[in-house]
Amino acid sequence: MDGNGRWAKAHHRPRAFGHKSGMDNVKTITKVASRLGVKVLTLYAFSTENWRRPTEEVNYLMQLPIDFFNTFLPELMAENVQVKVMGFLDQLPEKTRQVTYDAMAQTANNTGMILNFALNYGSRAEITSAVQQLGQAVAAGQIQPEEINEQMIGQQLMTASLGQFADPDLLIRTSGELRLSNFLLWQLAYSELYFADVHWPDFSQQDLEQAFAAYQKRQRRYGGLA
Ligand code: IPE
Ligand code: MG
């Protein structure tokens with residue numbers, strides 16, 4: 001979800017206003033995606049590198065999950081959406097961490113779309129942590145190094161609980177930037193990439209449907225032949 005700051009600038013408003021509008025659009029797109037039959041919607045909300053921003057902006061971004069769940073939980077329940085949050089949650093402020101755990105607990109028995117927030121998430125840190133886990137298992141004599149396979153690595157990543165949906169079919173980045181920015185580097189190996197020119201607060205149902213239409217025209221070969 002990129003472009004909140006540039007969207008605010010274009011409207012002659014502070015960056016926080018862009019983030020607030022971005023949060024409102026998360027509500028819109030969550031409902032749209034759920035109704036279109038998406039199984040897992042993962043949203044990159046805050047990266048392990050976003051701490052480099054000014055304290056005031058970081059504080060605002062840490063308040064947003066609190067506002068989001070406090071206002072949107074009834075609709076998430078009505079939509080049967082299950083909330084998951086992946087990232088280094090122990091580094092979040094107490095109130096932010098608590099509200100995310102509460103949202104996960106309250107929606108745990110919902111059986112519809114999974115709304116998965118990447119919050120204080122970074123793919124290199126995720127992979128580093130997975131390597132440490134496997135290294136410890138080797139050191140403890142539980143596994144041999146040559147037994148380590150792709151499935152075992154996947155099991156140590158933060159997407160493991162998504163099961164068959166751990167690897168996204170489609171990645172959408174808004175605002176015209178053509179980068180992955182440390183997002184799901186392992187999991188995106190064979191995902192289809194789609195870049196939308198609109199800033200996240202303006203990304204609409206029509207834009208999402210356009211992305212799906214583009215996806216449907218792609219031919220996925222996974223290195224094989226058609
Ligand atoms: C995305 O919008 C939201 C977060 C990273 C939290 P940006 O804040 O990156 O907006 P730009 O890139 O400055 O326009
Ligand atoms: Mg940005």
Side-chain angles (χ1 to χ4, degrees), residues 1-33 40-72 76 83-101 103-104 115-126 158-159 168 170-185 187-188 191 193-208 210-211:
M1 302 184 286
D2 200 8
N4 290 350
R6 279 163 285 165
W7 183 92
K9 192 170 186 191
H11 289 79
H12 310 285
R13 299 293 297 270
R15 291 181 60 83
F17 182 68
H19 293 313
K20 163 80 171 74
S21 304
M23 180 193 77
D24 290 339
N25 202 35
V26 169
K27 297 177 179 176
T28 302
I29 293 300
T30 293
K31 283 189 275 190
V32 167
V40 178
L41 177 66
T42 295
L43 297 174
Y44 201 2
F46 191 89
S47 80
T48 46
E49 287 72 37
N50 284 146
W51 298 106
R52 293 176 188 160
R53 295 188 179 197
T55 311
E56 191 192 337
E57 180 165 349
V58 168
N59 289 345
Y60 191 83
L61 290 169
M62 287 298 145
Q63 176 63 32
L64 278 183
I66 302 169
D67 297 344
F68 177 81
F69 289 118
N70 281 345
T71 53
F72 198 52
L76 290 172
V83 173
K84 285 182 185 275
V85 185
M86 63 174 189
F88 296 90
L89 305 186
D90 49 335
Q91 291 158 17
L92 296 175
E94 175 62 27
K95 278 178 84 178
T96 308
R97 187 172 60 242
Q98 200 51 56
V99 81
T100 62
Y101 281 132
M104 285 191 270
L115 174 61
N116 181 36
F117 284 101
L119 195 56
N120 195 24
Y121 171 85
S123 188
R124 286 186 170 188
E126 174 192 38
M158 293 172 176
T159 44
L170 174 65
L171 169 100
I172 301 172
R173 181 171 186 153
T174 59
S175 90
E177 302 289 357
L178 307 179
R179 287 191 290 279
L180 295 181
S181 297
N182 203 13
F183 189 57
L184 298 176
L185 299 179
Q187 297 89 333
L188 289 172
S191 304
L193 309 184
Y194 183 88
F195 298 94
D197 273 329
V198 294
H199 296 314
W200 170 252
D202 284 335
F203 187 81
S204 64
Q205 166 156 2
Q206 200 190 334
D207 293 316
L208 188 65
Q210 248 176 50

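This chain uses plain numbering: 1 for the first residue, then up along the sequence. Note that ligands are numbered from 1 as they come in the structure, with each ligand's atoms numbered from 1 the same way.
Taking the six-membered ring for Trp and thresholds of 30 and 60 degrees, Tyr44 and Phe183 have nearly parallel ring planes, at less than 30 degrees apart.
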Residues Ile172, Phe203; criterion side chain to side chain contact (heavy atoms under 4.5 Å, CB included); working and verdict: CA-CA 11 Å; Ile172 301 172; Phe203 187 81; 4.1 Å; yes

Determine, stepwise, if the pair Ser21 / His11 fulfils side chain to side chain contact (heavy atoms under 4.5 Å, CB included). CA-CA 11 Å; Ser21 304; His11 289 79; over 6 Å; no

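Protein N, O or S atom count below 2.8 Å of the Mg ion (ligand 2): the structure gives 1.
Sorted by chain then number, the residues whose non-hydrogen atoms approach ligand 1 to under 4.0 Å are Met1, Asp2, Gly3, Asn4, Gly5, Arg6, Arg15, His19, Ala45, Asn50, Arg53, Leu61.
Taking a 6.0 Å sphere around NZ of Lys27, one finds it holds more than 12 heavy atoms contributed by other residues, nucleotides or ligands. The local environment of CD in Glu56 is sparse, with at most 12 non-hydrogen atoms from other residues, nucleotides or ligands closer than 6.0 Å.
A side chain to side chain contact (heavy atoms under 4.5 Å, CB included) with Thr30 holds for exactly one of Val83, Leu41, Asn25; it is Leu41.
For the pair Ser191 and Pro168, the tightest heavy-atom approach, listed with the atom from each and the gap, is OG-O, 2.6 Å.
Using a 4.5 Å heavy-atom threshold, the side chains of Asn50 and Val58 count as separate. Using a 4.5 Å heavy-atom cutoff, the side chains of Glu126 and Gln187 are in contact.
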